[in-house]
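Reading through the structure tokens given below for one structure.
Everything numeric here is computed off the predicted structure, so don't read it as measured data. Residue numbers start from 1 in every chain, and the chains themselves are labelled A, B, ... in the order their sequence lines are given, proteins ahead of strands.
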2 protein chains.
Amino acid sequence: MPTMRSYRDGCAIARALDAIGERWALLVVRELLLGAQRFTDLRRALPGVSANLLTDRLRELEVNGVVTRSTLPPPAASVVYELTGSGRELEPIILALGQWGQRMPGPADRRPLSATSVLLYLRSVCRPDPAEQRTVYAVELDGRTWTIATSQGTVTVESGEPPQHDSRLRTDPETLNALLADPSLFEAALDDRTLVIDSGDAATGRRLFSL
Amino acid sequence: MPTMRSYRDGCAIARALDAIGERWALLVVRELLLGAQRFTDLRRALPGVSANLLTDRLRELEVNGVVTRSTLPPPAASVVYELTGSGRELEPIILALGQWGQRMPGPADRRPLSATSVLLYLRSVCRPDPAEQRTVYAVELDGRTWTIATSQGTVTVESGEPPQHDSRLRTDPETLNALLADPSLFEAALDDRTLVIDSGDAATGRRLFSL
DNA sequence: CCGCATCCGTTTCGATACTG
DNA sequence: CAGTATCGAAACGGATGCGG
């Protein structure tokens, strides 16, 4: 059964933490910032969380009005979790927390990087040239495919395969992150095959990192 | 000994949560946003936290570079905890979390309100008239005295007794919060003595809530 | 009193196994 | 796929103790 402890403090900060302060809760929200996800996808994206606990957190977030649980209409009929409006309002806070965490004295750790966090970063920093044509990328990260579309100065990131794409890339979160920080690593990444272009030309692929 | 668990995720959000995501940690930071505090004051301000847990959290926050522990020079010689620069950078995030928490569907709870949260709110919303003369208030809340000074369009809130003051008020967090939301309740609060003016005239006291 | 340290019962977490 | 069941380990919460 879900956790039911509270700080018992009328303060709005404490009440917010009652809702999203339990362990893993905010990382679940982070995952859902890129769109609705299924239980199993959340598990894969959050290595270390047990199925048991993920169930509890999702239920708590649901009763707290942060997440909604819905069953897709047939023939899909799968269960998906999605942020509510209130949940989406956490985005700037979570991104700010990420910026704070980045400034922290990190002991040069080489820990695996979550795909979602890199994609969130991409979405938050990329401001494509508004004059540029709409470009749709299919990006495969950690075995999952994402749709990244640049259009009229904005970037959208969605889970799943795009209906059609201009370029299909395959890489890992660490490489993607490195390329966003320094686009000039593009050719080197192609060379050691940490980045693979499955379709589309190199110039189109490279443009994703030159935003 | 302190908690030593980690999300083991290179993502900056997860690393931030490793530093300040444990239970009570962010509320400790909240308390310290108004200035250095002693162990016992933190305990009183955070009813529900046990002494050993507070010790653990303070140590963790210390090793994570969020808090510094220092012994005041004699004759005080007391131990105080204070935010580092990194810790102070959490202020906008914590305030944003508070705004999010306030928008949450609160089930009309009448839980005790922490003094710090009301003072943080006061400091964040009050924009006094820059033309106004500097005014120093001594405000007693929950048995502790705070110094609130308005000067040149800014408000400062500090723990402790001011050297001199223009007005001395005594009230409780709930009343102070209500007065900030609706200054017209000032006279009613004086009537039922949930607000007491110990020194200074009523007009000066009232000005604190008309910012 | 203040700033903890130690002990101890309870809750939560994390891992593995299992089910509709 | 989307969860439950179970269980040992860790964290929490409260009480008490203790040196300065």
What's the [atom1]-[atom2] distance between [X] and [N], to the nearest Å?
X	N	atom1	atom2	value
A/Leu46	D/dG3	CG	P	15 Å
B/Leu42	C/dC4	CG	C1'	13 Å
B/Leu54	D/dC12	CG	C1'	13 Å

Subject >> Sidechain N-carboxylate O distance under 4.0 Å for A/Arg207, A/Asp166 >> reply: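 So A/Arg207 does not pair with A/Asp166 through a salt bridge.
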
Side-chain N or O of [X] closer than 4.0 Å to phosphate OP1/OP2 of [N]:
X	N	result
B/Tyr81	C/dC4	yes
B/Arg44	C/dC1	no
A/Arg59	D/dT4	yes

Identify, with sequence neighbours excluded, every residue that meets side chain to side chain contact (heavy atoms under 4.5 Å, CB included) alongside [X].
X	result
B/Gln152	none
A/Thr194	A/Asp172, A/Thr175, A/Ala189, A/Asp192
B/Ser86	A/Trp100, B/Thr84

For residues 41-50 of chain A, which side-chain donor-acceptor pairs fall under 3.5 Å, sequence neighbours excluded?
| from | atom 1 | to | atom 2 | distance (Å) |
| --- | --- | --- | --- | --- |
| A/Asp41 | OD2 | A/Arg38 | NE | 3.4 |
| A/Ser50 | OG | A/Leu53 | N | 3.4 |

Could you pull out every donor-acceptor pair under 3.5 Å between side chains of residues 62-73 of chain A and any protein atom, sequence neighbours left out?
| from | atom 1 | to | atom 2 | distance (Å) |
| --- | --- | --- | --- | --- |
| A/Asn64 | ND2 | A/Glu60 | O | 3.0 |
| A/Thr68 | OG1 | A/Glu82 | O | 3.4 |
| A/Arg69 | NE | A/Tyr81 | OH | 3.3 |

Original post:
Mapping A/Val79 and B/Ala51 onto DNA chain D by nearest heavy atom, which one lands closer to the 5' end?
Top reply: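 Closer to the 5' end of DNA chain D: A/Val79.
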
Original post:
Does B/Phe39 have any ring pair (Phe, Tyr, Trp, His ring centres under 6.0 Å) partners at least two apart in sequence or in another chain, and if so, which?
Top reply: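 Here no residue qualifies.
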
Subject >> Residues that A/Glu22 engages under salt bridge (charged side-chain N to carboxylate O under 4.0 Å, His left out), provided they are two or more places apart >> reply: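 Result, salt bridge (charged side-chain N to carboxylate O under 4.0 Å, His left out) vs A/Glu22: A/Arg5, B/Arg23.
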
Is there any protein nitrogen or oxygen under 3.5 Å from a nitrogen or oxygen in nucleotides 10-14 of chain C, and what are the pairs?
| from | atom 1 | to | atom 2 | distance (Å) |
| --- | --- | --- | --- | --- |
| C/dC13 | OP1 | A/Arg57 | NH1 | 3.1 |
| C/dC13 | OP2 | A/Arg57 | NH2 | 2.9 |
| C/dG14 | OP1 | A/Arg23 | NE | 2.7 |
| C/dG14 | OP1 | A/Arg23 | NH2 | 3.4 |
| C/dG14 | OP2 | A/Trp24 | NE1 | 2.7 |

**OP:** Estimate the overall bend of the helix from C/dC1-D/dG20 to C/dG20-D/dC1 from the end axes over five pairs each, rounded to 10 degrees.
**Re:**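 About 30°, once rounded to a multiple of 10°.
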
